[in-house]
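Here is the structure we will look at, set down as structure tokens.
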There are 2 protein chains.
Amino acid sequence: MQTFNDDGTTLETAARPMRIQRAALHDKIVERLHDLITEGDLKPGERINERELADRLAVSRTPLREALRVLAAEKLVTISPNYGTFVTRMTRQEIHDTFELMSALERFSGELACLRITAGELTAIREAHEAMLGHWQRHDLPAYYHANQRIHDLINRAARNDALRQIYLSLNRRLHPLRLSSNRSEAKWRRAVEEHREMMAALETRDGSALGALMERHLLEKRDAVLADWTDD
Amino acid sequence: MQTFNDDGTTLETAARPMRIQRAALHDKIVERLHDLITEGDLKPGERINERELADRLAVSRTPLREALRVLAAEKLVTISPNYGTFVTRMTRQEIHDTFELMSALERFSGELACLRITAGELTAIREAHEAMLGHWQRHDLPAYYHANQRIHDLINRAARNDALRQIYLSLNRRLHPLRLSSNRSEAKWRRAVEEHREMMAALETRDGSALGALMERHLLEKRDAVLADWTDD
DNA sequence: AATTGGTTTTTTGCATTCATTACACAATAT
DNA sequence: ATATTGTGTAATGAATGCAAAAAACCAATT
């Protein structure tokens with residue numbers, strides 16, 4: 001994961017001679033399109049007109065096309081040669097498979113986190129957990145989602161595996177537009193909260209297999225909830 | 001993974017109206033560079049001169065640059081803006097993390113495969129296993145590697161999760177150049193073969209947790225073997 | 001001899017231009 | 001009326017051209 005400073009520069013970590021580098025235009029476009037897609041400004045299935053989008057972003061088609069190729073590699077857009085580029089619209093099967101894969105990554109994150117988490121990281125997760133409980137009691141769904149996302153993200157960070165983190169973030173971007181179609185019923189929400197309590201207990205005792213199993217099940221239930229609400233295609 | 005027909009066309013599966021499409025030039029370049037990198041024609045750390053490579057491939061810089069962005073998204077090359085593109089040279093930590101992640105994917109492949117494998121698929125794996133044993137007895141290391149790779153690939157296919165398969169193939173490409181630095185000792189080779197026997201037994205009885213655990217351990221041992229032979233940086 | 005300063009050359013980044021493909025719509029034939 | 005063919009238009013694909021950045025080279029100086 002590249003970490004950008006606020007002046008738009010980034011510290012190269014992989015190359016041998018450490019180099020300061022300005023973010024290239026096409027990289028900025030990738031970031032911008034990431035946002036446009038995950039925020040829903042570009043909706044799944046929507047056609048992307050290169051000229052039009054290039055004008056909107058005030059760039060030429062060349063760097064835009066380079067950015068679209070990157071997004072296609074991440075499966076956020078789908079390119080049909082000589083036909084057009086579309087915001088990826090996942091099929092039911094793809095949603096199933098992606099959540100299922102995510103469940104394995106979550107399990108693995110939980111297992112590694114129990115091995116490698118620091119006291120400070122655990123404190124942060126505990127606080128996020130408490131905050132999430134508060135949002136739940138206040139029935140503040142958006143805040144709940146945010147805290148929930150933060151907990152999973154912190155656990156993933158605590159796993160201290162950058163390759164895992166990359167894939168995790170990438171899949172999260174793909175699934176982000178779908179996240180809303182869950183926890184619609186009070187009962188399921190309550191159940192999700194209870195599962196999180198168990199996850200915290202497992203994390204406190206560094207019980208990796210327990211936490212892993214819980215996080216896997218948590219995701220598979222989310223998968224089923226999302227697919228249950230899925231009418232299209 | 002896209003399956004190409006022999007005339008270079010591909011059947012679009014995701015888009016709503018089924019469309020025949022010729023592979024675009026930049027996609028062909030991606031495939032070509034995949035090969036050049038995994039076959040070692042382009043070595044880790046090597047600089048990629050756009051003009052020179054474009055001339056070598058008899059294309060212009062535009063589609064080549066698009067291809068390089070895709071490869072960068074897959075981490076096969078590393079791009080430093082205004083500086084240059086290099087074949088990615090993984091650090092020790094990156095190798096560690098990637099193998100570790102791979103071990104989780106292998107475990108998951110094994111678990112799912114036990115749930116979903118067909119009789120025909122099992123037969124194919126059994127045959128590949130027998131072939132591998134033969135190569136081992138004949139001390140034919142290249143053929144052994146090939147059969148070994150084929151077994152893991154078939155198990156991954158049998159898991160019937162396309163998202164898992166994509167990531168698996170991508171990580172495999174990244175790790176491919178490192179594969180040689182293992183099984184140098186007769187004892188370790190013998191041990192790897194024994195592990196494969198256990199994996200076959202678990203697969204025959206559809207014991208997912210056993211197969212998953214075996215495949216995870218198998219990969220973690222491979223990780224340690226590769227890192228043990230790793231001198232650089 | 002090493003280092004600094006400046007000029008030349010190379011390479012990357014991006015915009016523009018041209019070519020090719022596909023789609024839309026109309027005209028014609030069956 | 002429907003199917004089919006043909007033409008115009010708009011989109012994508014790729015090559016070229018130009019500007020900016022960086023590296024290489026060389027000379028001058030300490």
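None of the values given here were measured: they were computed from a predicted structure. Letters A, B, ... are given to chains in the order of the sequence lines, protein chains preceding strands, and every chain is numbered from 1.
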Between B:E39 and B:H176, do the side chains contain an N or O donor and an N or O acceptor separated by less than 3.5 Å?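 Their side chains do not contain a donor-acceptor pair, so the 3.5 Å distance test is not met.
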Under 3.5 Å side-chain donor-acceptor pair for B:Q93 and B:D97: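 Distance-only check passes for B:Q93 and B:D97.
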Within this structure, what is the [atom1]-to-[atom2] distance between [X] and [N], rounded to whole angstrom?
X: B:L53; N: C:dT11; atom1: CG; atom2: P; result: 13 Å
X: A:R61; N: D:dG13; atom1: CZ; atom2: C1'; result: 7 Å
X: A:L68; N: D:dT12; atom1: CG; atom2: P; result: 9 Å
X: A:D27; N: C:dC14; atom1: CG; atom2: C1'; result: 14 Å
X: A:I79; N: D:dA14; atom1: CD1; atom2: C1'; result: 15 Å
X: A:E52; N: D:dA11; atom1: CD; atom2: P; result: 8 Å
X: B:E50; N: D:dT16; atom1: CD; atom2: C1'; result: 15 Å
X: A:Y83; N: D:dA10; atom1: OH; atom2: P; result: 18 Å

Look at the side chain of [X] and decide which nucleotide, out of [options], has an atom nearest to it.
X: B:N82; options: D:dG13, D:dA22, C:dC14; value: D:dA22
X: B:R51; options: C:dC23, C:dC14, C:dT12; value: C:dT12
X: B:S60; options: D:dT16, C:dG13, D:dA23; value: D:dT16
X: B:R65; options: C:dA15, C:dG13, D:dA15; value: C:dG13

Just jot down the ring pair (Phe, Tyr, Trp, His ring centres under 6.0 Å) partners of B:H218, sequence neighbours excluded, or say none. B:H152, B:H196
If you take any heavy atom closer than 4.0 Å to DNA chain D, which residues from residues 41-49 of chain A end up in contact?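 Heavy-atom contacts with DNA chain D come from A:I48, A:N49.
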Nearest-nucleotide wise, let me know which of B:V59 and A:T85 is further upstream toward the 5' end of DNA chain D.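 Its nucleotide being nearer the 5' end, the pick is A:T85.
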Does any part of the side chain of B:L33, heavy atoms only, come nearer than 4.5 Å to the side chain of B:L57, both counted from C-beta?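 Yes, their side chains come closer than 4.5 Å.
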Backbone N/O of B:E66 and side chain of B:H26: donor-acceptor pair under 3.5 Å: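 Checked: no pair found.
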Can B:R150 be said to sit on top of B:Y145's aromatic six-ring, NZ or CZ under 6.0 Å from centre and within 45° of the ring axis?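 Here B:R150 fails the 6.0 Å and 45° test against B:Y145.
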Verify the contact: side-chain N or O of B:H26 to OP1 or OP2 of D:dA14, cut-off strictly under 4.0 Å; return yes or no. yes
Check the phosphate of C:dC14 against A:T62, side-chain N and O only, distance under 4.0 Å to OP1 or OP2. Yes or no?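 Answer is no, no contact under 4.0 Å.
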I'd like to know if B:R217 pairs up with B:E221 as an ion pair, taking the criterion as any Lys NZ or Arg NE/NH1/NH2 lying under 4.0 Å from an Asp or Glu carboxylate oxygen.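 Counted as a salt bridge, because a side-chain N and a carboxylate O are separated by less than 4.0 Å.
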